[in-house]
4 protein chains.
Amino acid sequence: MSKVFTFSLQGADLSTRIPKAKAAMRKEPSQSRSKATVEAIIEAATRILSVEGWAGFNTNKVAEAAGVSIGSLYQYFPSKLSLVEAIRRRHIEDCLGVMKRAGKSGRPLAQFVADLVRDLIAVHSLHPGLHRVLLDDAPSADAFRDPHDAFEVDYLASYTAVVRHYRQGKTGSSDEAVAMTLSDAIDGVIHNAARRGTLQNPEVGAELVRLVTSYLAAE
Amino acid sequence: MSKVFTFSLQGADLSTRIPKAKAAMRKEPSQSRSKATVEAIIEAATRILSVEGWAGFNTNKVAEAAGVSIGSLYQYFPSKLSLVEAIRRRHIEDCLGVMKRAGKSGRPLAQFVADLVRDLIAVHSLHPGLHRVLLDDAPSADAFRDPHDAFEVDYLASYTAVVRHYRQGKTGSSDEAVAMTLSDAIDGVIHNAARRGTLQNPEVGAELVRLVTSYLAAE
Amino acid sequence: MSKVFTFSLQGADLSTRIPKAKAAMRKEPSQSRSKATVEAIIEAATRILSVEGWAGFNTNKVAEAAGVSIGSLYQYFPSKLSLVEAIRRRHIEDCLGVMKRAGKSGRPLAQFVADLVRDLIAVHSLHPGLHRVLLDDAPSADAFRDPHDAFEVDYLASYTAVVRHYRQGKTGSSDEAVAMTLSDAIDGVIHNAARRGTLQNPEVGAELVRLVTSYLAAE
Amino acid sequence: MSKVFTFSLQGADLSTRIPKAKAAMRKEPSQSRSKATVEAIIEAATRILSVEGWAGFNTNKVAEAAGVSIGSLYQYFPSKLSLVEAIRRRHIEDCLGVMKRAGKSGRPLAQFVADLVRDLIAVHSLHPGLHRVLLDDAPSADAFRDPHDAFEVDYLASYTAVVRHYRQGKTGSSDEAVAMTLSDAIDGVIHNAARRGTLQNPEVGAELVRLVTSYLAAE
DNA sequence: AATGAATGAGACTTCATTCAT
DNA sequence: CATGAATGAAGTCTCATTCAT
């Protein structure tokens with residue numbers, strides 16, 4: 001069983017990504033040069049937001065870190081907020097992908113939980129401070145926070161489907177409530193660990209597995 | 001058993017507060033008028049930070065909302081950071097108090113969990129957005145985030161003590177790891193519920209109780 | 001009659017001014033110090049707008065010319081546009097005052113026209129390029145351009161009253177149409193003269209008097 | 001006589017245009033495709049400047065509206081200023097043409113004035129906001145404003161010739177002063193009407209005719 | 001010739017903090 | 001002590017212009 005909890009980043013498959021959000025972009029890059037520019041901007045922005053938080057996140061610094069001019073940044077992102085939105089969407093898509101992959105085939109609970117925890121930790125290890133920052137309401141265009149937002153709805157729907165599968169027969173709680181609670185609890189554990197810098201600590205993954213398993217198996 | 005999950009705010013006793021931190025204050029409010037001023041400032045600042053997040057939090061607005069001049073604010077709080085620090089300390093003290101009270105006498109697990117969840121929800125209902133915002137690293141003087149910080153150490157120590165009590169005999173996980181995971185999971189559930197505005201929803205409390213109970217009872 | 005056309009600036013009474021617009025101000029100056037600041041800002045801004053036009057009009061330059069910091073400017077004017085708006089209102093009030101004073105008592109047509117032309121030229125001589133710039137639509141908050149705007153309505157109403165008085169008995173044209181045409185023609189002559197720098201040229205005033213007189217006396 | 005004041009746009013002949021100015025162009029459009037490109041750019045630029053004023057007038061927007069790349073725009077117009085200059089010249093030529101045609105043959109005053117007013121209104125109806133914007137000094141290369149500028153000199157010379165013809169025998173004012181005043185007054189009436197959107201209102205034309213006629217007939 | 005990505009000076013605006021009254 | 005006017009560094013964003021492809 002210790003094999004399952006290796007938490008190596010190699011095990012996580014982050015390649016399946018939903019197409020990027022268009023709404024936030026001022027103009028779709030058509031040439032390969034501009035695609036590279038956009039990619040460099042998003043990457044630099046993600047890194048800065050993750051490492052320095054809101055305090056250190058400004059468009060000048062992002063442009064400089066991305067190796068482009070401030071003008072180029074604003075050619076593709078109409079505002080600072082739209083840049084954050086692009087980061088947010090990409091991060092949520094990553095989490096969504098992990099969840100869907102872990103619960104795909106009808107594998108046993110233990111296997112599902114192990115995969116889920118391992119890959120979520122992998123996703124958050126790339127940019128440890130990111131998710132917490134993204135939850136801050138202030139500079140949010142209400143994309144993630146609005147309960148009707150497509151992303152969060154999709155996210156919870158996926159969780160609910162998996163929860164329903166593994167709780168079959170259990171009553172007393174709605175699958176939706178369990179899914180939401182589970183999602184939030186995992187959020188809390190992972191982001192606080194990221195905050196402390198202990199995300200790679202095997203104990204964190206092991207306890208998270210125990211938490212999820214016991215909750216899904218309860219009653 | 002439904003009685004246990006009432007989660008009425010009336011049940012929560014938030015009155016026992018550790019004496020205010022001195023370090024953050026430029027000058028000790030010795031007279032009652034000064035105390036009232038300080039109180040008004042912290043109250044206004046907490047409300048603004050909770051409702052508007054970092055984006056809407058600035059010292060001029062706080063001063064206006066508190067009904068004092070910006071000059072007066074700076075007489076009691078030497079910087080914006082010190083003001084945030086005061087808010088942070090007060091909030092942590094509140095959480096700490098809840099935890100200590102719930103685990104005080106050697107009551108059964110079910111009772112402890114019910115009280116803990118109910119009072120934590122009560123604490124976070126006053127300023128739903130506060131705790132999440134305080135976790136953001138941005139304007140933090142690293143008081144809360146540093147693992148050696150007195151508050152967090154105290155916080156986790158309390159959790160650990162309680163966990164040790166209710167897990168007596170169980171092995172395979174350290175009490176510290178369980179305490180931390182538990183604290184983080186509760187954080188996640190409560191803050192996400194606060195974010196969605198569903199903190200008062202009875203299902204949230206009920207599921208949180210199930211989560212904590214099953215985790216502590218596991219193995 | 002040549003005495004009437006002296007066009008000395010001393011003859012113009014610009015002191016009767018309608019209270020300043022509040023809407024455009026972020027905060028009403030209460031102390032004498034801040035009143036002086038606001039006055040300095042408006043004065044500098046008027047001068048720059050008049051002399052350099054839109055191209056040279058920026059808030060940094062205004063602040064510097066006024067001898068205040070850029071922060072002070074924004075303490076009283078929430079935006080560049082609001083500053084222009086303040087200038088615009090003040091200028092329109094000046095023109096309005098001239099018109100009302102010239103047509104006040106039931107003096108003969110020649111006297112009215114002479115006073116009107118003399119004082120309008122005086123008003124526009126203070127900041128020769130101002131009015132033309134203010135008519136530019138772009139950075140206008142539609143205060144002057146909106147036909148229902150209180151100022152323009154007031155302005156035309158005053159013109160109409162005077163026109164009605166001096167055209168008594170004449171038919172074939174509505175007093176409103178005549179008033180508007182007259183106002184616009186005077187505008188054109190004065191602003192183009194200001195543009196050329198010939199506003200002080202006695203011929204300009206004399207011809208303007210002939211234009212107005214012949215139009216009002218026609219048919 | 002009401003027939004004279006029809007002011008139908010069909011009556012206006014805008015086809016006689018002085019050959020385009022070369023100075024402002026970076027390169028002579030020798031092929032038909034180039035000519036079409038230049039035409040498209042000037043047309044788009046005129047429309048934008050007229051409708052949105054200086055605030056909305058930028059080279060990137062003009063290029064997009066013209067359906068050409070920004071690079072192509074700069075191939076024909078070496079700077080933003082040169083583009084404005086081209087617009088300005090074309091507009092002045094249009095006005096000049098109207099004036100010259102109306103005063104060509106020795107027709108009676110009433111006929112001349114009626115034609116002049118009708119065609120000037122027609123010219124300004126195409127781009128109602130244009131002329132007023134062009135008078136702003138801001139991005140002007142002082143081509144129009146300088147009293148010695150060939151265009152304005154030519155313009156006033158034409159006016160003076162016509163004025164001299166219709167004022168034959170009158171003294172007390174120089175023909176030059178009358179011409180200038182007349183030109184400026186017409187300017188004012190037309191541009192303010194354009195600003196209000198009432199340029200097509202028959203009353204505007206009728207009153208303008210009365211204004212011009214009475215002024216030229218005076219004394 | 002044409003394209004459009006890239007540039008960066010410069011303009012607008014905010015807000016933490018100071019200090020004269 | 002209290003006030004609030006003043007400051008200016010720093011951040012957001014625009015747009016005229018260039019140049020590699």
Side-chain angles (χ1 to χ4, degrees), chain A residues 26-27 29-38 55-64 67-83, chain B residues 27 29 31 33-34 37 55-64 68-81 83 139, chain C residues 26-27 29-38 56-63 67-81 83, chain D residues 27 29 31 33-34 37 55-64 68-83 139:
Chain A
R26 190 195 286 265
K27 135 197 224 172
S30 63
Q31 302 181 359
S32 68
R33 179 163 57 136
S34 56
K35 265 185 196 141
T37 298
V38 167
F57 185 73
N58 68 64
T59 53
N60 289 308
K61 194 185 283 186
V62 168
E64 191 186 14
V68 303
S69 71
I70 184 65
S72 289
L73 188 155
Y74 277 91
Q75 196 139 48
Y76 298 105
F77 300 93
S79 71
K80 185 183 181 176
L81 223 61
S82 70
L83 180 53
Chain B
K27 97 194 318 176
Q31 300 172 2
R33 184 154 69 115
S34 299
T37 299
F57 185 73
N58 67 66
T59 53
N60 289 292
K61 192 190 282 188
V62 167
E64 191 188 13
V68 303
S69 69
I70 182 66
S72 291
L73 187 152
Y74 272 85
Q75 213 145 49
Y76 294 111
F77 300 93
S79 72
K80 187 183 186 181
L81 218 60
L83 179 54
Chain C
R26 192 195 285 267
K27 134 199 226 173
S30 62
Q31 301 180 359
S32 68
R33 178 164 56 138
S34 56
K35 267 185 196 139
T37 299
V38 168
F57 185 74
N58 68 64
T59 53
N60 290 305
K61 194 185 284 187
V62 168
V68 303
S69 70
I70 183 64
S72 289
L73 188 155
Y74 277 91
Q75 196 138 50
Y76 297 105
F77 300 93
S79 71
K80 181 184 184 176
L81 223 59
L83 180 53
Chain D
K27 97 194 316 174
Q31 301 171 1
R33 184 155 67 116
S34 299
T37 299
F57 185 73
N58 68 65
T59 53
N60 288 290
K61 191 189 282 189
V62 168
E64 192 187 13
V68 303
S69 70
I70 182 65
S72 291
L73 187 153
Y74 272 86
Q75 215 145 46
Y76 293 110
F77 300 93
S79 73
K80 187 183 185 180
L81 218 61
S82 68
L83 179 53

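First the proteins, then the strands, lettered A, B, ... as listed; each starts at 1.
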From OH (Tyr74(B)) to CG (Leu83(B)), nearest 0.5 Å:
8.5 Å
Closest approach of Ser82(A) to Ser79(A) (non-hydrogen atoms, all atoms of both residues)
OG-O, 2.7 Å
Intra- and interstrand pairs of DNA chain E - dot-bracket, Watson-Crick/G-U under 3.5 Å, | marks other strand
.||||||||||||||||||||
Integer-rounded Å distance: dC15(F) P and Leu83(D) CG:
15 Å
Test item: side-chain donor near acceptor, Thr37(C) and Tyr76(C), under 3.5 Å:
no
What's the spacing between Ser69(D) OG and Gln75(D) CD if we round to 0.5 Å?
8.0 Å
At less than 4.0 Å, is any side-chain N or O atom of Tyr74(B) found next to OP1 or OP2 of dT17(E)? Yes or no.
yes
side-chain contact (heavy atoms from CB on, under 4.5 Å) test vs Leu73(C) passes for just one of Asn60(C), Val38(C), Val62(C), namely Val62(C)
Nearest-0.5 Å distance that lies between atom CG in Asn58(C) and atom CD1 in Ile70(C):
8.0 Å
Contact string for nucleotides 6-11 of chain F, one letter per nucleotide 5' to 3', B = base within protein heavy-atom range under 4.0 Å, S = sugar-phosphate only, - = neither, reads BBBB-S
Please answer whether the main-chain N or O of Thr59(D) pairs with a side-chain N or O of Lys80(D) as donor and acceptor at a distance below 3.5 Å.
no
